[in-house]
Amino acid sequence: GNVIHCILCVDCRTTEQMANRPKDGTRVKILCVSDQVVPGIYSPRLRDRYGDVDLVLSCGDLPYYYMEFIASALNVPCLYVHGNHVQPEHKSDGRVLNEPGGWINVDRRTVECKGVLIGGLEGCLRYIPNAPYQYSDLSMHSRTWQMIPALLLNRVQHGRFLDILITHAPPRGIHDGPDLPHRGFGVFTHFMDRFEPRYLLHGHKHIYGQETRKSRYKNTQVINVHPFHLLEWDV
């Protein structure tokens, strides 16, 4: 189905455990990562620096060893979508990783964790024929529609569609680039129009110098989390 529950912690495993959700006014801290390994995160001191985070979200294009290190060190729910540069990883013990251990893929799904409603859409605009995790505008529109049953159920159960949408690519016209590989998806702005998530978090477009990281689109704060961003707000 399109609705799943995080299996990594008691706070967001089943609807029967709703008593573990934060009460209104509880501050939630989320570590967001994307696109680039950060030495300060890939460090034995990660838990000292970010041991108080409630969730970790990845917007894609990170090596699995890095993601698994984060999940192991912080031991909190970790949710992600794939970017467009996805490669299997060959481990020293002969295993081949096609997904990061300890993480939940939320592509075209919604998850409730720590009282936060999170959904995701993977990949970027197609610029190489038949490449994986690249989609036409029309295809992404179809993928977005697959989320609608879960979003409507959220509305009935929680009074809102979604708190955070994590994507790899940005919305068109917001933080994207003029070249085809870095152009955003127009359907993401339509998604924000209709479902009004509090945040849309994305990566894909690397930030150099004084480029804009945060933009407001109607009722949604759009944030480029490359290479990492610490998000806090009162649920």
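We use all heavy atoms of the structure for the numbers below, so side chains are in, but hydrogens, waters and symmetry mates are not.
E89 and R95 are not joined by a salt bridge, as no carboxylate oxygen comes within less than 4.0 angstrom of a charged side-chain nitrogen. Under the 4.0 Å criterion applied to side-chain N and carboxylate O atoms, R183 and D176 are not assigned as salt-bridge partners. Residues K205 and D35 are not paired through a salt bridge, judged by the lack of any N-O separation under 4.0 Å between the basic side chain and the carboxylate. At a threshold of 4.0 Å, the pair D137-R172 counts as salt-bridged, since one of the basic side-chain nitrogens sits closer than that to a carboxylate oxygen.
Interatomic distance, R108 CZ to M147 CE, rounded to the nearest 0.5 Å: 10.0 Å. Atom CD1 of residue I148 and atom CZ of residue R155 lie 14.0 Å apart, to the nearest 0.5 angstrom. With rounding to the nearest 0.5 Å, the separation of CD in E196 from CZ in R160 is 13.0 Å. For the atom pair CG of L125 and OG of S136, the computed distance is 8.0 Å after rounding to the nearest 0.5 Å. Summarising the geometry, atom NE2 belonging to H182 is positioned 5.5 Å from atom CG belonging to D179; distances are rounded to the nearest 0.5 Å. Note that CG of L55 is 6.5 Å distant from CG of L79, once rounded to the nearest 0.5 Å.
A heavy-atom distance below 4.5 Å is not found between the side chains of T212 and N224. No side-chain heavy atom of V76 sits under 4.5 Å from any side-chain heavy atom of D54. Here the side chains of L57 and L201 are in contact, with some heavy-atom distance below 4.5 Å. No side-chain heavy atom of F195 sits less than 4.5 Å from a side-chain heavy atom of L165. Taking the side chain as every heavy atom from C-beta outward, P63 and V37 approach each other to under 4.5 Å. Inter-residue side-chain proximity for D107 and R143 is flagged as met; some heavy-atom pair is nearer than 4.5 Å. Residues H204 and H85 fail the side-chain proximity criterion, which asks for heavy atoms closer than 4.5 Å. At a threshold of 4.5 Å between non-hydrogen side-chain atoms, the residues V33 and V38 do not count as touching.
The hydrophobic cluster containing I207 does not contain L231, counting ILVMFWY residues as joined when their side-chain heavy atoms lie under 4.5 angstrom apart, directly or transitively. Tracing side-chain contacts under 4.5 Å through hydrophobic residues (I, L, V, M, F, W, Y), one never reaches L117 starting from V156; they form parts of separate clusters.
Below 30°, between 30° and 60°, or above 60°: for F228 and Y50 the angle between ring planes is above 60°, a perpendicular geometry.
Nearest heavy atom pair, residue M140 against residue V187, reads CG-CG1, 3.6 Å. Counting all heavy atoms, side chain and backbone alike, R213 lies closest to P227 at NH2-CD, 4.4 Å. Heavy atoms only, all atoms of each residue included: G115 and D163 are closest at O-OD2, 3.9 Å. Between V81 and G120, the shortest heavy-atom distance links the atoms CG1-CA, 3.7 Å. Pairing each heavy atom of I41 with each of F69, the nearest pair is O-CE2, 3.3 Å. Shown here for Y135 and F185, the closest heavy-atom pair between the two residues is O-CE2, 3.5 Å.
No more than 12 heavy atoms of other residues, nucleotides or ligands lie within 6.0 Å of CZ in R45, so this atom counts as exposed by the packing criterion. For Q87, the CD atom counts as loosely surrounded, since its 6.0 Å shell holds 12 or fewer non-hydrogen atoms of other residues, nucleotides or ligands. A 6.0 Å sphere centred on CG of N130 holds no more than 12 heavy atoms belonging to other residues, nucleotides or ligands. Under a cut-off of 6.0 angstrom, the local environment of CG in L138 is sparse, with at most 12 non-hydrogen atoms contributed by other residues, nucleotides or ligands.
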- Message: For L74 and V53: C-alpha separation, side-chain torsions, deciding distance, then whether side-chain contact (heavy atoms from CB on, under 4.5 Å) applies.
- Response: CA-CA 8 Å; L74 296 181; V53 300; 3.9 Å; yes
- Under the side-chain contact (heavy atoms from CB on, under 4.5 Å) criterion, do L162 and T110 qualify, and how do the steps go? CA-CA 8 Å; L162 202 65; T110 73; 4.0 Å; yes
- Residues L153, L151; criterion side-chain contact (heavy atoms from CB on, under 4.5 Å); working and verdict: CA-CA 5 Å; L153 184 58; L151 293 166; over 6 Å; no
- Query: Between R198 and Q221, does a side-chain contact (heavy atoms from CB on, under 4.5 Å) hold up when you go through it step by step?
  - Reply: CA-CA 6 Å; R198 182 188 294 261; Q221 183 80 28; over 6 Å; no
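Looking only at distances, a side-chain donor or acceptor of E68 sits under 3.5 Å from a matching main-chain atom of G101. Between the T220 side chain and the V222 main chain, no donor and acceptor come within less than 3.5 Å of each other. The closest donor-acceptor contact from the side chain of S58 to the backbone of G60 lies under 3.5 Å. Panel note: side chain H82, backbone C59; no donor-acceptor pair is recorded below 3.5 Å. Between the W233 side chain and the V28 main chain, no donor and acceptor come within less than 3.5 Å of each other.
There is a side-chain donor-acceptor pair under 3.5 Å between Y217 and D193. In this structure, a donor-acceptor pair under 3.5 Å is present between the side chains of N84 and H168.
The one candidate from H226, H202, E211 that meets the side chain to side chain donor-acceptor pair (under 3.5 Å) condition with H175 is H202.
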